[in-house]
Amino acid sequence: MIENYLQTLVKDAAEQLGLSLSVSQVVIETSKDAAHGDYATNIAMQLSRQLRKNPREVASQLIARLDQSKMEKIEIAGPGFINFFLKPSALTQYIPLIIEQGENFGNGAKQQKTVNIEFVSANPTGKLHLGHARGASVGDSLARLFTKSGYEVIKEFYVNDAGVQINNLGHSLYTRYLNLLGINKAMPENGYFSEDLIAIAQMLMDEVGDAYKEENDTSLEFFKSRGSSIFLDIIRQDLAAFKVIFDVYSFESKVKEKDAISRLLTKLAPYTYVEEGATFLRTTQFGDDKDRVIIKSNGEHTYFLPDIVYHLDKLGRKADLLIDVLGADHHGYIGRMKSALQMFGYGPETLEVQIIQMVRIIKDGEELKMSKRTGNAITLEELIAEVGVDAARYFFIAKSASTHFDFDLNLAQERTSANPVYYAQYAHARLSAVLSKGTIYPLDTSGNGLHTAEELSLVKQLIAYPGVVLDATTTREPYKVANYIQKLASLVHSYYTEVRILDDTNPLLTSARLGLSKATQIILKDALSLLGVSAPISM
RNA sequence: GUCCCGGUAGCUCAGUCGGAUAGAGCAACAGCCUUCUAAGCUGUGGGUCGGGCGUUCGAAUCGCUCCCGGGACGCCA
């Protein structure tokens with residue numbers, strides 16, 4: 001956009017001085033202070049070292065060779081900044097483009113690349129809780145960002161339906177069932193103690209009566225498979241209510257089917273050795289901290305093996321990049337999986353792991369420890385009921401995923417304007433109201449006639465949108481979109497308060513302002529949609 | 001002991017490949033609704049950017065080191 005235009009101007013001017021610069025070397029920043037113009041560059045200070053000249057002198061030589069047709073003026077300031085003061089038309093010329101492209105404004109060029117984003121991937125042994133909700137928000141927004149940036153995206157959920165956890169679930173559920181039948185049996189040591197399990201046991205008892213009162217493998221198998229499939233259904237429903245829809249559910253049980261594990265072992269053979277009865281994989285050859293056990297001395301394989309099969313499966317289906325969104329407790333897992341994939345010839349950059357830091361629950365100013373045993377976790381379902389989908393998603397996304405997150409229950413339950421999502425949605429609602437009342441005026445989409453400081457700073461913020469989308473995608477940081485939204489909403493509210501948009505005494509200006517409102521509404525709505533947050537037309 | 005994340009206003013957090021006077025929201029205080037939605041706007045106060053050393057025209061940002069908080073380091077999943 002405009003940054004690119006300015007970069008090229010500077011580059012051309014530098015070439016006339018006999019300097020060859022790449023466009024990306026010219027850093028254009030938006031000025032914080034209006035006295036510093038609309039945009040600024042520090043290029044003269046960067047160049048002064050290699051030219052061994054005073055930066056202000058370099059700046060004046062550049063300016064003398066710069067195309068100034070779209071400038072009101074150019075100034076050298078401070079130690080050697082070049083400040084650009086643009087003509088209003090240089091900014092407002094983008095308004096027709098925004099209105100014409102609509103929600104496609106800011107889209108990236110087609111990438112011919114497929115990104116597989118795996119997130120949530122909770123065990124089907126209980127309901128989703130707040131930790132999962134953060135992963136769901138971040139993963140889903142990443143998917144939306146990649147889609148907007150031109151990638152093919154696959155959203156994937158991996159279901160661990162064949163491991164120790166499911167065994168625990170089966171035993172716990174079965175025990176609850178037997179208890180309901182009046183048979184005395186203690187819950188397993190590592191069992192699941194949540195209330196939900198009792199309800200499900202009751203449901204199954206109503207369905208099958210005492211058919212499974214004999215303790216045997218068939219009985220246990222029934223409770224394992226029914227329990228996990230019931231929980232998976234609940235998980236899917238909760239996610240759908242949270243506006244997170246997965247394209248693919250992959251099941252561990254399917255991954256392990258046939259002889260997938262033994263075939264994998266054959267291929268990994270060159271990288272293995274046996275020590276004290278266990279088989280190790282030489283992941284250190286590819287940068288891991290230590291070699292990893294893949295077959296325990298008791299002959300069972302570790303979880304690492306099916307995970308490798310699964311990742312190879314994802315790559316084999318169609319994916320140029322795998323992104324795993326995982327909780328912070330998984331960070332030790334990154335090195336070994338990257339190593340394993342390299343054994344199959346994939347570069348280390350094929351797999352990216354986005355670590356989501358912990359969520360701490362704060363209630364009455366104190367941390368609330370969540371415990372599987374007592375089942376006191378706050379569920380996603382409860383979260384949605386308490387604060388709503390929009391507020392919850394915005395809450396989770398508005399902070400960098402790499403920072404520890406304090407979720408203040410009292411604040412969330414207040415349901416007041418303290419939550420920034422309302423601020424942004426309200427801005428959209430106000431614009432919508434003005435536009436619908438303004439239909440009696442013709443919509444001027446040209447941008448001509450806009451000139452006040454409020455109008456131009458709003459336009460500058462609109463122009464910045466494509467850059468924000470790109471930046472948020474390449475850094476995998478959706479919170480940057482939230483920051484952008486807050487700034488945009490703030491400009492909208494100021495503008496709305498300072499300026500009477502629908503002005504009977506000046507229909508021409510009204511039409512132009514409606515055009516600006518329309519363009520702003522388009523971008524605000526699209527930015528919110530990247531976070532999975534709705535843009536209401538009234539509140 | 002090793003690795004990861006963090007330490008910026010009373011609280012929660014931003015801070016554009018290192019830039020101009022370090023910002024926003026909340027909280028506090030003072031104003032603004034006969035006119036498009038006051039879930040809003042305007043203004044005020046509030047800082048040893050965890051400490052130290054270094055790199056350079058310039059450091060919250062980069063390097064080294066120390067301190068504090070959270071997490072991970074198993075033939076667990």
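Letters A, B, ... mirror the listed sequences (proteins, then strands); counts begin at 1.
A donor and an acceptor atom, one from each side chain of A/His330 and A/Asp324, are nowhere located under 3.5 Å apart. Using modelled atom types, one finds a donor on one side chain and an acceptor on the other under 3.5 Å when comparing A/Ser121 with A/Glu118.
Across the P atoms, B/rG47 and B/rG23 are found 13 Å apart, a figure rounded to whole Å. A gap of 28 Å separates the P atoms of B/rG7 and B/rU44, to the nearest Å. Taking atom P on both nucleotides, B/rC5 is separated from B/rA28 by 37 Å, rounded to a whole Å.
Glycosidic conformation at B/rC68 (O4'-C1'-N9-C4 for purines, O4'-C1'-N1-C2 for pyrimidines): anti, more than 90° from 0.
Considering A/Ile28, A/Ile82, A/Asn83 as possible partners of A/Tyr39, the one that fulfils the side-chain contact (heavy atoms from CB on, under 4.5 Å) test is A/Ile28.
Among the atoms of the strands shown, base atoms are found under 4.0 Å from some heavy atom of A/Asn83. Nucleic acid contact for A/Asp33: base, since at least one base atom lies under 4.0 Å from a heavy atom of the residue. Counting any heavy atom pair closer than 4.0 Å across all strands shown, A/Asn483 reaches sugar-phosphate atoms only and no base atom. At the heavy-atom level, A/Tyr479 lies under 4.0 Å from the strands shown only through sugar-phosphate atoms. Within 4.0 Å of A/Ile537, counting heavy atoms only, lies at least one base atom of the nucleic acid. Here A/Gln425 lies out of heavy-atom contact (under 4.0 Å) with every strand. Across all strands shown, A/Ala398 has no heavy atoms under 4.0 Å from either base or sugar-phosphate atoms. Counting non-hydrogen atoms under 4.0 angstrom, A/Lys487 reaches nothing in the nucleic acid. Here A/Val499 lies in heavy-atom contact (under 4.0 Å) with a base. Nucleic acid contact class of A/Ser297 (heavy atoms, under 4.0 Å, all strands): base.
Remark: A/Lys487 is not positioned above the aromatic ring of A/Tyr484, lacking an NZ or CZ atom under 6.0 angstrom from the ring centre and at most 45 degrees off the axis. Figure legend: A/Lys399 and A/Tyr479 shown without cation-pi pairing, the cationic atom not lying both under 6.0 angstrom from the six-membered ring centre and within 45 degrees of its axis.
For RNA chain B, each stem of at least three Watson-Crick or G-U pairs (distances under 3.5 Å) is given as range with range: B:1-7 with B:67-73, B:10-13 with B:23-26, B:28-32 with B:40-44, B:50-54 with B:62-66.
When each of B/rU21, B/rG40, B/rU42 is scored by its nearest atom to the side-chain atoms of A/Glu498, the top-ranked nucleotide is B/rU42. Comparing B/rA77, B/rC36, B/rU16 by their nearest atom to the side chain of A/Thr30 picks out B/rU16. Taking every side-chain heavy atom of A/Lys290 into account, B/rC73 is the closest of B/rA77, B/rG6, B/rC73. Nearest to the side-chain atoms of A/Ser400 among the listed nucleotides B/rG19, B/rA14, B/rA39 stands B/rA14. Comparing B/rG70, B/rC75, B/rU35 by their closest approach to the side chain of A/Arg500 singles out B/rU35.
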Going through the checks in order, is the side-chain contact (heavy atoms from CB on, under 4.5 Å) test met by A/Tyr496 and A/Val434? CA-CA 10 Å; A/Tyr496 184 93; A/Val434 168; 3.6 Å; yes
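Checked by distance alone, A/Asp329 brings no side-chain donor or acceptor within 3.5 Å of a matching partner on the base of B/rG71. You won't find any donor-acceptor pair under 3.5 Å spanning the side chain of A/His493 and the base of B/rC41, going by distance alone.
Within the 4.0 Å cut-off from OP1 or OP2 of B/rA24, not a single side-chain nitrogen or oxygen of A/Ser490 is found.
Remark: ring of A/His36 overlaps the six-membered base ring of B/rA20 in a stacked fashion, centroids less than 5.5 Å apart, planes less than 30° apart. In this structure, A/Tyr426 does not count as stacked on the base of B/rG40 under the 5.5 Å centre distance and 30° plane angle limits.
The aromatic ring centroids of A/Phe223 and A/His171 lie 6.0 Å or more from each other.
Between A/Val26 and A/Leu21, some side-chain heavy-atom pair lies under the 4.5 Å cut-off.
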